[in-house]
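Residue numbering restarts at 1 for every chain, and letters A, B, ... go by the order of the sequence lines. All figures in this text were calculated on a predicted structure; none of them were measured in a lab.
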Amino acid sequence: METTETKTQVQAAAPATPKPAAVKPAPKPAAPTAPAENEVKPIEVEPSALRKEMERLKAEDMDFLECLTGVDWMEEGLGCIYTLTSTSTGKVVHVKTATLDRENPLLPSVSDLWAVANIYEREVFDFYGIRFTGHPDMRRVFLREDWVGYPFRKDDETEKNNPLRMTNEPLADDTEELVLNADGTVTSKRNTIFADGDYVVNIGPQHPSTHGVLHFRVALEGETIKKIDPILGYIHRGIEKIDESLTYPQTLALTDRMDYLGAMQNRHALCMCIEKALGVEVSDRVKVIRTMMDELQRIDSHILFFSCLAQDLGATTAFLYGFRDREKILDIFEETCGGRLILNYNTIGGVMHDLHPNFVPRVKELIPYLRNSLKELHALFTGNVIFQNRAKGVGVLTKEQAISYGCTGGTGRAAGWHNDLRKTRPYAAYDRVKFNEVVREGGDSFDRYMIRMDEILESLSILEQLVDNIPEGSIQEKMKPIIKVPEGTYYSAVEGSRGIFGVMLISKGDKSPYRLHYRSTGLPLVAAMDTLCSGSMLADLITIGGTVDYIVPDVDR
Amino acid sequence: MAITKKPVIKNIPYEEFKDNETFEKLVAELNQNGTNVIVSTLDDLINWGRSNSLWPLTFATSCCGIEFMAVCAARHDIARFGFEVTRNSPRQADVILVSGTITTKMAPVLKRLYDQMADPKYVVAVGGCAISGGPFTKSYHVVMGVDKIIPVDVYVPGCPPRPESFLYGMMQLQRKVKAENFFGTTNRKEKDPYEAEMETKNEQLLNQQEEA
Ligand code: SF4
């Protein structure tokens with residue numbers, strides 16, 4: 001049992017730093033001659049030509065803005081890297097733009113081409129102070145409105161300018177839009193978020209059904225939702241910024257703490273990104289172990305999704321049943337990784353420990369057990385009239401909206417968008433297993449719920465195929481004691497528990513990253529809440545939020 | 001009078017707890033001025049009831065909150081200790097379990113939640129983040145420990161703490177409640193910030209009335 005001391009300061013558990021396995025100087029891995037598999041060579045565009053280029057790409061069927069990374073290149077300027085994907089052909093294009101003006105950096109907005117760009121650009125404004133002309137709502141998104149400076153700029157004095165403010169945070173009812181006139185001048189215009197006559201209700205940040213500390217300002221018309229304005233950042237921990245001062249093995253520790261129900265997959269993505277950038281090929285055994293762990297994590301996440309949704313709708317029994325089953329998975333994790341929730345398992349070039357001897361028998365036990373108890377969960381909850389009435393036909397997201405908002409994962413698949421990376425860009429051992437991508441057409445809350453329940457079955461089938469075929473091999477490649485990623489820009493993504501989780505890594509050849517950006521799975525989902533909920537009843541906000549399934553620390557990072 | 005109050009938890013021997021000194025100090029302080037036998041007997045009864053029905057506020061900001069849910073659920077079952085009545089409103093809660101990172105944007109909200117709770121109230125800092133900022137000590141947006149903004153009664157270390165440590169921490173809180181006076185004192189840990197203000201206001205009112 002761990003100790004707890006009263007009134008005595010106890011030192012915090014420091015995150016376990018993964019040790020590089022090789023202590024002896026290993027023979028240098030041959031320098032990769034070919035460019036790294038995941039290196040990106042963005043098309044470089046001047047800010048003035050950006051609009052045209054983006055419109056051209058959009059017309060060329062690049063309809064999904066996967067990721068938007070703000071970067072401070074110092075003398076090369078402030079700018080962004082846009083990652084665009086075509087949902088029909090799967091082609092990926094990166095576009096880079098930068099402005100040299102540090103005093104008043106301006107870039108053209110693309111928020112009218114891709115809906116999700118709205119929130120991404122606000123994020124870039126918040127962190128780098130780049131303002132986007134034509135963006136309808138240029139407010140900060142994570143930090144307080146009275147925050148001074150832009151913390152992600154390399155020359156910002158964040159701590160000095162921002163003492164702990166204990167006053168209530170100001171929330172504006174109107175916002176700024178910069179209009180780029182034909183003659184090249186920029187004028188400012190005010191847009192209203194909530195008009196004077198609007199009846200605005202605050203939900204959160206302390207609310208049991210917002211799944212963390214999320215704050216919605218909801219304008220109501222009677223009981224019908226007119227507009228939602230999400231206020232984020234109550235759990236913005238600045239992970240990406242901290243990463244810039246950590247060594248590569250240290251950065252891994254924080255990935256588990258963003259989307260803690262996708263801890264394995266997040267860390268998998270980062271490890272994969274660094275490994276590919278280094279040109280390291282992990283053993284077959286590691287690939288299979290990672291795949292299995294990812295799937296266990298997915299089941300864990302989906303069961304928790306079920307439990308929380310049930311709890312939010314008042315079905316406490318279903319919550320308890322869900323957690324009963326989840327504990328079985330946690331037991332498996334605990335034996336092999338040592339942790340229950342924060343697992344710290346993947347390392348650069350392998351995994352931390354070999355599988356526990358009980359792993360295989362436990363997984364074999366788990367598969368039939370879960371198949372059975374899923375039936376129980378369905379019997380308890382799915383058929384319930386109250387739930388059916390509150391979920392069917394509520395909160396509909398069409399396929400076009402899902403793509404435009406970048407709602408990946410179950411939310412997108414419920415609207416008929418085939419976006420499962422395990423199928424479209426297979427990684428690890430997903431190319432050797434057979435499974436179905438669960439897709440439905442309705443796009444309502446019920447479909448989103450059913451997708452997740454059905455995905456549990458698919459994950460079980462993946463586990464079943466792999467559990468008897470775990471190849472022998474080493475669990476950790478020999479790595480240099482100090483890992484330095486060669487200079488360049490790299491992007492890798494995995495299918496997380498709730499969508500595409502991407503890692504954009506910019507290295508200058510040092511032992512810590514120059515910029516590390518995570519494509520959060522949840523941020524697009526929260527951005528879509530306004531569209532999802534408008535016209536629904538206030539009580540449906542809870543069902544919709546529950547089925548969309550965002551994790552707030554992953555949204556805020 | 002000898003120390004009679006001993007914060008005892010049924011079925012767990014007193015010696016098995018760590019940090020008994022803190023409690024002995026608390027009890028010694030209580031006994032300094034001598035105890036009234038009747039009041040202290042009544043106290044024991046009330047505290048027995050209070051310590052076994054601590055209602056936590058449903059408050060979780062991040063990872064540690066998921067472990068808190070696991071503690072509430074079937075396997076660990078905090079109902080065994082009387083903590084299962086989680087309240088969504090701070091007005092009805094006795095204890096706030098700060099599970100998760102507290103950012104500077106959240107800090108005023110947390111303080112307000114704490115202020116809204118009725119006395120006697122308790123705070124448990126759960127996890128490295130709530131104790132000292134945990135893995136995010138380098139961050140520009142994290143409060144390095146909630147004790148910077150609200151007084152903390154029990155610290156539960158871990159990242160996240162195991163459910164067992166949660167329960168152990170809650171038992172420590174029970175022991176603390178048992179070692180308190182209920183009658184004759186309020187269990188305030190800080191001065192009422194509005195007391196002085198209220199007094200001056202009252203005085204003004206009285207003066208006005210007198211003048212009228
Ligand atoms: S202590 Fe660890 S588990 Fe708890 S909130 Fe902080 S990072 Fe998450």
Point to revise | Heavy-atom closest pair, residues V213(A) and A60(B) | key: CG1-O, 4.4 Å

Practice item. Take atom CZ of R80(B) as the centre, draw a 6.0 Å sphere, and report whether it contains more than 12 heavy atoms from other residues, nucleotides or ligands. Key: yes

Practice item. Kindly compute the distance separating OG (S62(B)) from CG (D556(A)), expressed to the nearest 0.5 Å. Key: 10.5 Å

Review point. Under a 4.5 Å cut-off applied to non-hydrogen side-chain atoms, are R144(A) and P108(B) in contact?
Key: yes

Revision key, fill the gap. Output for pair (E67(B) CD, Y260(A) OH), nearest 0.5 Å, gives 11.5 Å

Practice item. Measure Y234(A) against the heavy atoms of chain B and call it side chain, backbone, both or neither at under 4.5 Å. Key: both

Exercise for review: Could you check if a side-chain atom of R112(B) sits within less than 4.5 angstrom of a side-chain atom of N168(A), using non-hydrogen atoms only?
Suggested key: yes

Exercise for review: Mind checking the CZ-CD1 spacing from F323(A) to I66(B)? Nearest 0.5 Å is all I need.
Suggested key: 6.5 Å

Check your understanding: Is the side chain of S139(B) donor-acceptor paired with the backbone N or O of R237(A) at a distance under 3.5 Å, no angle test?
Key -> yes

Review point. Do I231(A) and K105(B) touch side chain to side chain, with heavy atoms closer than 4.5 Å?
Key: yes

**Study point:** Rounded distance [0.5 Å steps], OG1 in T61(B) versus CG in L214(A)
**Key:** 12.5 Å

Practice item. Tell me, for R340(A) versus chain B, whether the close heavy atoms (under 4.5 Å) come from the side chain, the backbone, both or neither. Key: side chain

Point to revise | Chi angles and distances behind the salt bridge (charged side-chain N to carboxylate O under 4.0 Å, His left out) call for R75(B), D331(A) | key: CA-CA 12 Å; R75(B) 184 184 286 181; D331(A) 283 346; 2.9 Å; yes

Check your understanding: Looking at side-chain heavy atoms only, is the closest gap between H215(A) and V109(B) below 4.5 Å?
Key -> no

**Study point:** Y128(A), OH: over 12 other non-hydrogen atoms inside 6.0 angstrom
**Key:** yes

Point to revise | Under 4.5 Å from a heavy atom of chain B, the part of E169(A) involved | key: side chain

Exercise for review: Against chain A, label A107(B) side chain, backbone, both or neither, depending on which of its atoms sit under 4.5 Å from a heavy atom there.
Suggested key: both

Review point. Do the side chains of F319(A) and M69(B) get nearer than 4.5 Å, heavy atoms only?
Key: yes

Practice item. Search all heavy atoms of L320(A) against all heavy atoms of A74(B) and return the closest pair with its distance. Key: CD2-N, 3.9 Å

Exercise for review: Select one option (side chain, backbone, both, neither) describing which atoms of I149(B) are under 4.5 Å from chain A's heavy atoms.
Suggested key: side chain

Revision key, fill the gap. Among V142(B), N88(B), I102(B), the residue with the most heavy-atom pairs under 4.5 Å to chain A is N88(B)

Exercise for review: Without swapping roles, check the side chain of K241(A) against the backbone of K138(B) for a donor-acceptor pair under 3.5 Å.
Suggested key: no

Review point. Between Q311(A), R326(A), E327(A), which residue shows the highest count of heavy-atom pairs closer than 4.5 Å to chain B?
Key: E327(A)

Exercise for review: Go through the atoms of E145(A) and report whether side chain, backbone, both or neither lie under 4.5 Å from a heavy atom of chain B.
Suggested key: neither

Review point. Would you call the rings of Y140(B) and F152(A) parallel, tilted or perpendicular, where under 30° means parallel and over 60° means perpendicular?
Key: perpendicular

Point to revise | Expected output: side-chain H141(B) to main-chain H236(A) donor-acceptor under 3.5 Å | key: yes

Point to revise | Atom group of F142(A) that falls short of 4.5 Å from chain B, counting heavy atoms | key: backbone

Point to revise | Heavy-atom contact with chain B under 4.5 Å, split by part of S245(A) | key: both

Review point. Can you say whether L110(B) sits under 4.5 Å from chain A via the side chain, the backbone, both, or neither, judging by heavy atoms?
Key: neither

Point to revise | Region of R175(B) that comes under 4.5 Å of a non-hydrogen atom in chain A | key: neither

**Study point:** Distance in Å, I551(A) CD1 paired with C63(B) SG, rounded so as to fall on 0.5 Å steps
**Key:** 10.0 Å

Review point. Roughly how far, to the nearest 0.5 Å, is CG of L341(A) from SG of C159(B)?
Key: 9.0 Å

Point to revise | Heavy-atom contact with chain B under 4.5 Å, split by part of L143(A) | key: both

